[in-house]
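Single-structure report; data block below.
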Amino acid sequence: MLSIEHIRENPDEVRAALKTRGEDDSITEVLELDTAIRATITERDNLNAERNRVSKELGQARSQGQEVSEEARAQMREIGNQADALNEKTKEMGNRMGELMLTLPNLPQSGVPVGEDETGSIIIRQNGEPPVMDFEPKPHWDLGEELGIIDFERGTKLAGSRFYNLVDYGPKLERALISFMLDLHTNDHGYTEISLPAVVKREIMEGSGNLPKFADNLYHDDEDDLWLIPTAEVPITNLYRDEIIPANTLPLKYVAQTPCFRRERASAGRDTRGIKRVHQFNKVEMYQFVEPETSNDELDKLVDHAEDVCRKLGFTYRVLALCTGDMGFASSKTYDIEVWAAGCQEWLEVSSCSNCTDFQARRSNIRYRSEEGGRPRIPHTLNGSGLALPRVMIAIIENYQQPDGSVVIPEVLRPYTGFDVIPAKKATI
RNA sequence: GGAGAGAUGGCUGAGUGGACGAAAGCGCCGGUCUCGAAAACCGGUAUGGGGGCAACCUCAUCGUGGGUUCAAAUCCCACUCUCUCCGCCA
């Protein structure tokens with residue numbers, strides 16, 4: 001959620017910023033409501049003050065044995081009714097205001113490239129070059145089946161298209177990757193590991209910015225109004241919902257591995273082969289609550305934490321600064337990390353790292369006590385994948401494949417896998 | 001799923017419809033004392049909104065939403081959540 005004070009004081013700036021995100025003018029009504037609401041509040045409060053004052057007098061009079069006249073009662077009843085009516089009006093306007101505010105995306109920071117879609121995003125650095133292989137590398141959908149580690153057909157049988165089973169060396173590799181990443185982030189990068197519910201309540205989805213606008217992309221349990229998380233970012237954002245974090249506790253850094261569920265309705269027909277775009281996948285997610293002044297520096301570090309995984313796994317990767325039109329709803333600034341996959345000859349997005357500034361914290365009513373005291377402040381929140389499992393699996397399988405069809409395990413993973421190579425074999429079943 | 005108990009400030013915990021944003025204690029902050037600290041004593045200590053340059057004024061908030069009343073933490077209704085016991089169960 002944007003700050004209403006900021007919108008009120010800088011309407012033109014906000015309009016311009018929202019326009020770069022493809023928003024047409026959606027703050028005119030907000031500004032009108034804001035003015036009307038404040039006027040009504042003043043009126044209502046004056047009536048309430050009057051009511052409180054006179055009621056107190058009546059109470060004192062009565063305690064001294066005087067009768068409260070029916071006339072005085074009727075008069076106060078009338079004032080009360082007027083105040084209630086104004087209160088009702090305030091609530092209605094407030095509700096409408098809330099609806100509007102929930103649909104406004106975060107403002108891009110200055111310096112974020114302006115553009116309509118992914119073509120406007122900028123590659124800011126690249127690590128390594130796509131290797132030239134002396135044989136024809138296979139895409140993972142072929143290789144995975146041949147190795148007997150990805151079973152598309154039976155996954156589809158169980159849950160429909162875009163679901164799959166990992167088998168044999170497949171889930172072992174995934175487990176190893178998860179452990180490797182969690183250990184790296186907790187031991188070397190200062191994160192605390194946390195394990196979370198994979199379903200959340202409606203208001204939790206609102207806090208992170210996924211609802212009300214993006215219900216289409218979520219799986220939902222009608223009976224209990226629970227929503228399957230599309231990323232661990234959702235529950236972590238709301239950990240401190242409606243709380244004031246004590247002084248001297250920021251930054252708070254969490255890393256979590258969760259399943260992620262995405263309906264991908266908007267992407268029907270895209271990337272239908274393989275496990276690049278699926279409805280359920282595992283992801284290791286980094287998340288931070290930080291002091292506002294430090295959020296951009298911390299974002300740079302967080303990106304490096306994700307890059308560290310890529311470097312240690314020996315990936316060729318590049319980092320992109322997303323443009324205004326390509327960023328997520330809650331983000332003010334986002335860097336994507338893409339790794340090269342030799343088989344499908346594609347750059348795969350394995351991480352998206354964002355500074356959501358105070359946007360999510362305000363929606364979730366999270367505040368913190370600063371060292372200097374004074375009013376509670378709103379922290380900034382950062383999130384980034386570290387990393388998404390299926391695409392990392394793709395990169396490993398495709399990039400480390402050998403001419404004989406086997407896959408060599410990267411050095412750093414071997415303590416976790418317990419094997420050095422996924423042997424070539426014809427799947428028996 | 002069945003039965004019962006409860007929900008009040010950072011925490012514990014009082015609160016006969018009127019002086020209650022709320023006793024007391026703890027915690028925390030500041031001060032006195034001290035070489036320093038502890039103890040003791042004194043003072044301060046919720047959040048959000050509206051108005052004001054400011055001092056400050058004012059409104060709302062005692063789980064949530066309704067209701068009764070001139071007036072509700074307190075009375076009435078509904079809901080939610082938590083805890084305990086029983087049943088079922090990974």
Side-chain angles (χ1 to χ4, degrees), chain A residues 1-9 30-102 195-207 221-227 235 238-250 252 258-259 289 358 361-379:
Chain A
M1 201 148 56
L2 302 178
S3 151
I4 183 63
E5 289 82 13
H6 186 252
I7 297 178
R8 189 187 297 153
E9 283 157 26
V30 167
L31 289 166
E32 287 168 1
L33 277 169
D34 179 51
T35 308
I37 287 173
R38 285 190 297 155
T40 314
I41 284 177
T42 302
E43 217 181 323
R44 180 200 64 188
D45 284 356
N46 287 341
L47 286 171
N48 276 337
E50 170 77 0
R51 166 159 64 171
N52 290 343
R53 189 177 61 76
V54 177
S55 281
K56 227 170 244 183
E57 285 174 8
L58 293 180
Q60 277 169 3
R62 216 197 58 138
S63 69
Q64 287 161 17
Q66 299 169 28
E67 276 297 302
V68 173
S69 73
E70 178 53 36
E71 189 187 351
R73 281 190 201 176
Q75 202 180 342
M76 292 318 294
R77 203 158 28 225
E78 176 53 24
I79 286 183
N81 288 342
Q82 284 176 25
D84 287 349
L86 287 174
N87 194 40
E88 199 55 38
K89 197 169 152 194
T90 309
K91 268 194 202 164
E92 276 167 29
M93 289 191 290
N95 288 342
R96 174 64 185 151
M97 181 78 153
E99 278 172 29
L100 289 173
M101 294 294 282
L102 283 180
S195 172
L196 299 153
V199 295
V200 296
K201 300 175 193 170
R202 172 180 296 270
E203 63 261 31
I204 303 302
M205 281 292 180
E206 282 177 356
D221 165 46
D222 261 328
E223 204 157 13
D224 295 321
D225 196 22
L226 288 174
W227 301 73
N238 289 274
L239 278 177
Y240 297 101
R241 183 183 185 81
D242 298 324
E243 289 188 42
I244 300 174
I245 299 167
N248 302 316
T249 31
L250 298 185
L252 284 164
T258 66
F289 299 87
D358 58 7
R362 185 175 291 106
R363 281 170 94 104
S364 303
N365 190 28
I366 303 162
R367 288 160 299 167
Y368 75 99
R369 196 75 69 179
S370 77
E371 205 176 339
E372 298 78 40
R375 290 195 138 196
R377 304 181 70 203
I378 303 176

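Only this structure's heavy atoms are used, side chains among them; waters, hydrogens and symmetry mates stay out. None of the values given here were measured: they were computed from a predicted structure. Proteins come first, then strands; the chains are lettered A, B, ... in the order of their sequence lines, and each starts at number 1.
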When the C1' atoms of U61(B) and G9(B) are considered, how many whole Å apart are they?
-> 11 Å
Which nucleotide in the set G49(B), A46(B), C70(B) lies at the smallest distance from any side-chain heavy atom of R369(A)?
-> A46(B)
Just how far, in rounded Å, is C1' of G10(B) from CG of D242(A)?
-> 16 Å
Distance check: side-chain N/O of R375(A) vs OP1/OP2 of G49(B), anything under 4.0 Å?
-> yes
What nucleic acid atoms does Q60(A) come within less than 4.0 Å of, heavy atoms only: base, sugar-phosphate, or nothing?
-> base
Test side chain to side chain contact (heavy atoms under 4.5 Å, CB included) applied to E5(A) - qualifying residues, sequence neighbours left out | S3(A), R8(A), E9(A)
Base-pairing assignment for C11(B) (Watson-Crick or G-U wobble, both under 3.5 Å) | G25(B)
Separation of G51(B) atom P from E5(A) atom CD, nearest Å, is 10 Å
How far does the C1' atom of A5(B) sit from the matching atom of G10(B), given to the nearest Å?
-> 25 Å
Would you please name every residue forming a ring pair (Phe, Tyr, Trp, His ring centres under 6.0 Å) with F289(A), sequence neighbours left out?
-> Y240(A), Y287(A)
Integer angstrom distance from the P of U69(B) to that of G13(B) = 36 Å
If you round to the nearest 0.5 Å, how far is CD of E92(A) from CG of L33(A)?
-> 11.5 Å
In whole Å, what is the span from the CG atom of L86(A) to the P atom of G50(B)?
-> 17 Å
Report, as yes or no, whether the 6.0 Å neighbourhood of atom CD on E243(A) holds more than 12 heavy atoms from other residues, nucleotides or ligands.
-> yes
Under a 3.5 Å limit on both distances, the Watson-Crick or wobble mate of A60(B) is U47(B)
What pairs with R367(A) under side-chain hydrogen bond (donor to acceptor under 3.5 Å, both in side chains), at least two apart in sequence or on another chain?
-> none
Same-atom distance (P) from G1(B) to G66(B), integer angstrom | 28 Å
Roughly how far apart, to the nearest Å, are C33(B) and C41(B) at atom C1'?
-> 9 Å
Are K201(A) and D225(A) close enough, and set up right, to give a side-chain contact (heavy atoms from CB on, under 4.5 Å), and what steps lead you there?
-> CA-CA 7 Å; K201(A) 300 175 193 170; D225(A) 196 22; over 6 Å; no
When the distance from CZ of R367(A) to C1' of G10(B) is rounded to whole Å, what number comes out?
-> 13 Å
Across all chains, not counting sequence neighbours, the side chain to side chain contact (heavy atoms under 4.5 Å, CB included) partners of R73(A) are V68(A), E70(A)
Select base, sugar-phosphate, or nothing to describe what P376(A) touches, counting heavy atoms under 4.0 Å on all strands.
-> sugar-phosphate
Rounded to the nearest angstrom, tell me the gap between atom CD in E43(A) and atom P in G51(B).
-> 14 Å
What's the CG-P distance between N365(A) and G49(B), to the nearest Å?
-> 10 Å
Expressed in whole Å, how much space separates the P atoms belonging to C59(B) and A72(B)?
-> 13 Å
A90(B) and G6(B): how far apart are their C1' atoms, nearest whole angstrom?
-> 30 Å
Pairing partner (Watson-Crick or G-U wobble, both distances under 3.5 angstrom) of C70(B) | G18(B)
With sugar-phosphate meaning primed atoms plus P, OP1 and OP2, does R362(A) contact a base, only sugar-phosphate, or nothing at under 4.0 Å between heavy atoms?
-> nothing
Footprint string (nucleotides 52-69 of chain B, 5' to 3'): B base within contact, S backbone only, - free, heavy atoms under 4.0 Å = ------SSS-----S---
The side chain to side chain contact (heavy atoms under 4.5 Å, CB included) partners of N87(A) (sequence neighbours excluded) come to R44(A), K91(A)
Does any non-hydrogen side-chain atom of E50(A) lie less than 4.5 Å from one of R53(A)?
-> yes
In whole angstrom, give me the gap between the C1' atoms of A23(B) and U74(B).
-> 15 Å
Rounded distance in Å - CD1 (I244(A)) to C1' (G9(B)) | 11 Å
Provide, to the nearest angstrom, the distance between the CG atom belonging to L58(A) and the C1' atom belonging to G17(B).
-> 14 Å
